[in-house]
There are 2 protein chains.
Amino acid sequence: MPLISSCEVDTALELITGKWKPSILLALINGDTLRFSELKRSLPNISQKILTAQLRDLEEQDIIIRTIYPEVPPRVDYRLSEYGKTLIPVLETMNAWGIQHAERMRQK
Amino acid sequence: MPLISSCEVDTALELITGKWKPSILLALINGDTLRFSELKRSLPNISQKILTAQLRDLEEQDIIIRTIYPEVPPRVDYRLSEYGKTLIPVLETMNAWGIQHAERMRQK
DNA sequence: CCGTATCCCTTAAGATACTG
DNA sequence: CAGTATCTTAAGGGATACGG
């Protein structure tokens with residue numbers, strides 16, 4: 001019996017693949033709660049449409065929580081859900097791997 | 001300073017994203033050394049073209065090693081490189097997360 | 001047996017403009 | 001401020017047929 005099953009790896013992978021999702025998650029890990037405009041500033045090259053789409057994905061997967069404040073001007077902020085926080089160790093492992101092996105990447 | 005940097009996470013992510021790459025890596029983790037036809041059997045729904053392409057990607061990234069035996073009929077096998085094996089803990093972490101959270105997925 | 005070549009399709013991503 | 005709407009492009013994936 002396999003120690004690792006493809007389907008479970010894919011489960012995790014689905015949640016964090018998307019060109020900008022790691023960056024968004026990291027911003028929320030490091031920044032706790034961020035407004036739409038703050039996220040946009042953290043990701044200088046993303047268009048509003050894409051940022052909205054990725055946030056909607058993450059929200060639908062219950063990884064992040066979107067809070068709308070009924071104010072003028074409008075205010076919306078995003079934070080990791082408790083469920084989303086369980087992904088932190090996964091991201092940390094990938095990060096640690098990346099740091100250890102970044103050298104090889106740079107040679108290419 | 002952030003504990004996790006997006007760019008390092010992406011480094012790891014790049015290597016394992018691709019619809020079939022986790023499955024290929026798992027097959028090689030569990031099966032050690034496999035021939036093309038054995039891999040194809042492990043991944044019943046993949047086309048030859050795609051399998052070849054994904055294997056070439058992994059080979060180019062030095063994650064797997066491709067060995068050609070000058071025989072008739074041709075024989076080629078694939079195995080993880082030492083570098084590729086460093087990804088195992090990453091996959092294991094993702095797998096563990098997936099198992100723990102598969103329940104939530106099934107409810108959706 | 002282990003591939004390539006060709007052609008097609010879907011999807012993600014992006015630029016840009018507009019709105020409550 | 002925080003989004004939609006519209007249009008376009010690029011890349012990944014796939015079915016099928018052929019080749020050394």
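Only heavy atoms go into these numbers, but all of them, side chains included; no hydrogens, no water, no symmetry mates. Predicted, not measured: the structure shown is a model, and the values here were computed from it. Chain letters run A, B, ... following the sequence lines, proteins first, then strands; residues in each count from 1.
Side chain of A:K21 to main chain of A:L15: no donor-acceptor pair is present (N/O by atom type, distance under 3.5 Å, no hydrogens or angles).
Rounded to whole angstrom, the span from the CZ atom of B:R56 across to the C1' atom of D:dG12 amounts to 17 Å. Atom CD of A:E71 and atom C1' of C:dG20 are 16 Å apart (whole Å). In this structure, A:E14 atom CD and C:dT11 atom C1' are separated by 15 Å, rounded to whole Å. Per the geometry, CG belonging to B:L13 stands 15 Å off C1' belonging to C:dA12, to the nearest Å. Here the P atom of nucleotide D:dG3 and the CD atom of A:E59 are 9 Å apart, to the nearest Å. Put simply, CD1 on A:I24 is 15 Å from C1' on D:dA2, counting in whole angstrom units. Following rounding to the nearest Å, A:I46 (CD1) and C:dG14 (P) show an atom-to-atom distance of 7 Å. Here C:dC2 presents its P atom at 11 Å from OH of B:Y69, a figure rounded to the nearest Å.
Ionic pairing of A:R79 and A:D32 is not present here: no N-O contact between side-chain nitrogen and carboxylate oxygen is shorter than 4.0 angstrom. Salt-bridge annotation for A:R66 and A:D77: absent, with no side-chain N of the basic residue lying under 4.0 Å from a carboxylate O of the acidic one. Using a 4.0 Å cut-off between charged nitrogen and carboxylate oxygen, A:E38 and A:R41 do not count as a salt-bridge pair.
The side chain of A:K49 lies closest to C:dG14 when the candidates are C:dT4, D:dC1, C:dG14. When distances are taken from the side chain of A:V76 to each of C:dC2, D:dT4, D:dA2, the shortest belongs to D:dA2. In this structure, of D:dG14, C:dA13, D:dG3, it is D:dG14 that holds the atom nearest to the side chain of B:I50. For B:W20, the listed nucleotide lying nearest its side chain is D:dG14; candidates were D:dC1, D:dG14, C:dC2.
Each of A:T17 and B:I68 was matched to the nucleotide of DNA chain C holding its nearest heavy atom; the match closer to the 5' end belongs to B:I68. Both A:Q48 and A:K19 sit near DNA chain C, but only A:K19 has its closest nucleotide nearer the 5' end.
Counting non-hydrogen atoms under 4.0 angstrom, B:Q54 reaches the backbone sugars and phosphates but no base. Residue B:Y78 is classed as a sugar-phosphate contact, given heavy-atom separations below 4.0 Å to backbone atoms only.
The side chain of B:R66 contributes an N or O atom lying less than 4.0 Å from OP1 or OP2 of C:dG3. For A:S37 and D:dA2, the shortest distance from a side-chain N or O to OP1 or OP2 is below 4.0 Å. A close approach under 4.0 Å does not occur between any side-chain nitrogen or oxygen of B:R35 and OP1 or OP2 of C:dG3. Taking 4.0 angstrom as the limit, A:S47 places none of its side-chain polar atoms (N or O) nearer than this to OP1 or OP2 of C:dA13.
Side-chain contact between A:V76 and A:R35: absent, with no pair of heavy atoms (C-beta onward) separated by less than 4.5 Å.
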